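Some notes on the structure that comes next.
A quick note: this is a predicted structure, and the numbers were derived from the prediction, not measured.
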Amino acid sequence: MSELARVPDFGPAVIEADDPRYESMLRGANHRFVAKPDRVCVVTTTEQVVRVVGEAVAGGLRVTVRSGGHGYEGFTAAEGGVLLDMSEMATVYFDADRAAFAIEPGATLGHVYRVLFKGWNVTIPGGECTEVGVGGHFAGGGYGPLSRRLGAVVDYLVAVEVVVVDADGTARAVVATNEPDDPHRDLWWAHTGGGGGNFGVVTRYWVRAPGATSTDPAELLPKAPSRWRIGYCMWPWAEMTEESFTTLLRNVGTWFEENSAPGSRHAQHSASFYASHRSGGALLVQAMVDDDVPDAAALLDEYFDAVSEGVGVAGTRTQSVKPWLFFAAYPNWGDPGTPDVRRAKLKAAYLRKGYTDPQLAAVWEHLTREGSEHNQFILIGYGGQVNTVAPDATATAQRDSVLKAAFMSVWGDEADDHDRIGRLREFYRDVYAETGGVPVPGERSDGSYINYPDIDLADPEWNTSGVPWSTLYYKDNYPRLQQVKAKYDPRDVFHHGLSVELP
């Protein structure tokens with residue numbers, strides 16, 4: 001991409017409280033949190049970020065950073081200071097000098113998929129929520145429907161450009177790569193799962209497939225699917241007994257334990273389980289696969305056969321095939337809620353094995369409990385190629401899990417906050433009652449996922465395990481992340497409710 005083509009259209013745009021644009025700049029996707037900064041600075045180049053951050057630090061102002069605005073906690077909703085809006089840094093291009101694709105942090109996943117597909121017929125194994133910005137998604141160890149087959153997004157990250165602040169308050173841009181002799185290699189490593197908002201402001205990522213050496217950009221990332229097969233099996237909630245429900249959920253856990261080996265037939269496709277409250281009408285098992293995979297339809301049917309065994313209630317199956325880009329980049333795909341129903345709380349866990357009988361009983365109890373109509377419970381397929389990487393090779397430490405669990409509630413009225421959040425907290429606590437209310441790493445659980453941040457993990461009222469939140473998210477990688485923090489953010493300029501602490 002030529003330098004001429006990258007000349008910014010504007011910026012930094014400085015929007016203060018008396019500006020008519022100000023109110024429109026304060027909310028991300030989760031309307032529970034509303035920022036009240038002294039000013040919002042919309043930036044379009046790395047140089048602008050350096051200048052804005054430097055001026056904020058010199059003025060004693062806090063800096064918070066937002067790219068896509070899809071955080072589940074209020075980490076970018078600070079009072080006062082400067083909110084750095086990265087959403088207009090959204091360029092995706094091939095960088096011949098680095099033989100990699102450069103992606104700016106404000107690019108949404110849908111935009112990334114569109115550009116990579118239209119330009120080179122390639123893709124990355126990112127998430128399926130198309131409006132999520134890559135700024136936080138990549139740094140926290142993003143994953144998606146192709147990850148069982150292709151690995152995590154961070155396994156493709158070869159370099160990152162970060163604006164950091166030195167001990168004397170000087171802001172500067174650093175490019176950190178995965179090259180063994182790079183003096184900034186630890187800063188690259190920290191962005192392979194260390195979470196967003198911890199070390200500096202990401203202004204660019206570079207991605208390339210592991211081991212790729214071609215001079216042809218179309219061979220430097222995985223080929224994109226041309227068609228995407230989606231299958232569903234649905235059961236009527238009203239006909240499910242506790243025995244049939246727990247049989248179904250136990251089958252799902254067992255299937256993932258047995259079918260998540262890297263390179264295995266069923267690691268070629270994603271699969272998931274979704275349950276709303278019993279009042280929601282239906283239970284759903286889903287599976288998706290590149291339709292060019294041999295026996296694609298049969299693979300999904302085998303999965304549905306396995307999870308249906310012994311349930312005793314007939315499920316209804318469908319499969320359909322859509323063009324890849326229709327699925328991968330369809331506007332707002334994957335986002336919960338509507339413009340008016342945008343208050344959300346999410347709690348997450350990694351699973352090494354399916355749930356135990358007491359845990360299954362707790363799931364049943366909460367999804368059939370009166371007054372818990374807004375709770376949702378999701379199991380998302382993981383493992384496969386993700387688990388070929390050592391836990392310390394990237395900052396993403398969970399490398400032998402087979403599922404991610406998400407406990408979620410979405411609502412619209414602020415008056416319902418206390419009830420909705422309280423019921424979801426109780427649900428999660430009861431499922432993990434045997435380990436202090438949280439998924440302590442062990443035989444069955446493996447902590448939680450920082451891209452689904454949950455401030456409750458740092459609250460002794462809800463985490464009685466004695467295991468700190470930092471271990472639940474980062475396990476043995478946390479001390480190294482702290483050392484990176486000390487080196488690149490010694491003044492703790494970049495911090496939030498679950499940020500990496502200085503050692």
Side-chain angles (χ1 to χ4, degrees), residues 6 8 11-15 25 28 35 37-71 75-78 81-91 102-108 132-140 142 157 159-177 184 186-206 395 450-451 481 484-496 498-500 502:
R6 294 176 60 204
V14 180
I15 302 172
M25 305 301 297
D38 296 321
R39 59 179 176 267
V40 180
C41 291
V42 185
V43 291
T44 54
T45 67
T46 300
E47 293 73 23
Q48 291 176 17
V49 175
V50 171
R51 177 162 31 118
V52 169
V53 171
E55 291 173 353
V57 172
L61 298 176
R62 180 176 176 181
V63 179
T64 52
V65 187
R66 184 176 66 202
S67 55
H70 274 69
F75 296 160
T76 66
V82 176
L83 173 58
L84 201 58
D85 186 312
M86 310 294 293
S87 60
E88 302 309 318
M89 290 186 68
T91 306
I103 303 174
E104 291 183 333
T108 63
V132 167
V134 303
H137 184 70
F138 283 17
L157 185 65
V160 60
E161 181 180 62
V162 192
V163 173
V164 299
V165 178
D166 295 335
D168 64 0
T170 301
R172 62 190 175 102
V174 175
V175 174
T177 75
H184 300 298
D186 270 357
L187 186 61
W188 161 83
W189 177 87
H191 286 84
T192 61
N198 280 316
F199 311 100
V201 184
V202 174
T203 51
R204 201 175 330 271
Y205 293 103
W206 285 270
I450 193 59
N451 273 357
L481 288 169
V484 179
K485 177 76 168 179
K487 182 176 180 180
Y488 291 97
D489 186 22
R491 299 165 62 110
D492 199 24
V493 170
F494 305 99
H495 61 274
H496 52 71
L498 290 174
S499 55
V500 172
L502 288 166

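Pairing each heavy atom of Pro105 with each of Ser67, the nearest pair is O-CB, 3.4 Å. When all heavy atoms are compared, the tightest approach of Thr46 to Ala173 is CG2-CB, 3.8 Å. Minimum heavy-atom separation, Met25 to Val42: CE-CG2, 3.8 Å. Across every non-hydrogen atom of Asp85 and Arg66, the tightest pair is OD2-NH2, 3.4 Å. Nearest heavy-atom pair, Leu481 versus Ala395, reported as atom, atom and distance to 0.1 Å: CD2-CB, 4.1 Å. Here the closest non-hydrogen pair linking Arg62 and Ala78 is NH1-CB, 3.8 Å.
Expressed to the nearest 0.5 Å, how far OG1 of Thr76 lies from CG of Leu83 amounts to 6.0 Å. For the atom pair NE2 (His495) and OG1 (Thr64), the distance works out to 9.0 Å, reported to the nearest 0.5 Å.
Between Phe75 and His496, the ring planes lie parallel to each other; the angle is under 30°, not in the 30° to 60° tilted range.
The shortest side-chain heavy-atom distance between His184 and Val175 does not fall under the 4.5 Å cut-off. Between Phe494 and Val163, the closest side-chain pair of non-hydrogen atoms is not below 4.5 Å. Side-chain contact between Val160 and Phe138 is absent, with no heavy atoms from C-beta onward closer than 4.5 Å. Here the side chains of Asp186 and Lys487 are not in contact, with every heavy-atom distance at 4.5 Å or above. You'll find the side chain of Leu61 reaches within 4.5 Å of the side chain of Arg39, heavy atoms only. Thr203 places a side-chain heavy atom less than 4.5 Å from the side chain of Met86. Side-chain atoms of Val484 and Phe199, non-hydrogen and from C-beta on, do get closer than 4.5 Å to each other.
Applying the side-chain hydrogen bond (donor to acceptor under 3.5 Å, both in side chains) criterion to His70, with sequence neighbours excluded, gives Asp335. Residues satisfying the salt bridge (Lys or Arg N to Asp or Glu O under 4.0 Å) test with Asp166, not counting sequence neighbours, are Arg172.
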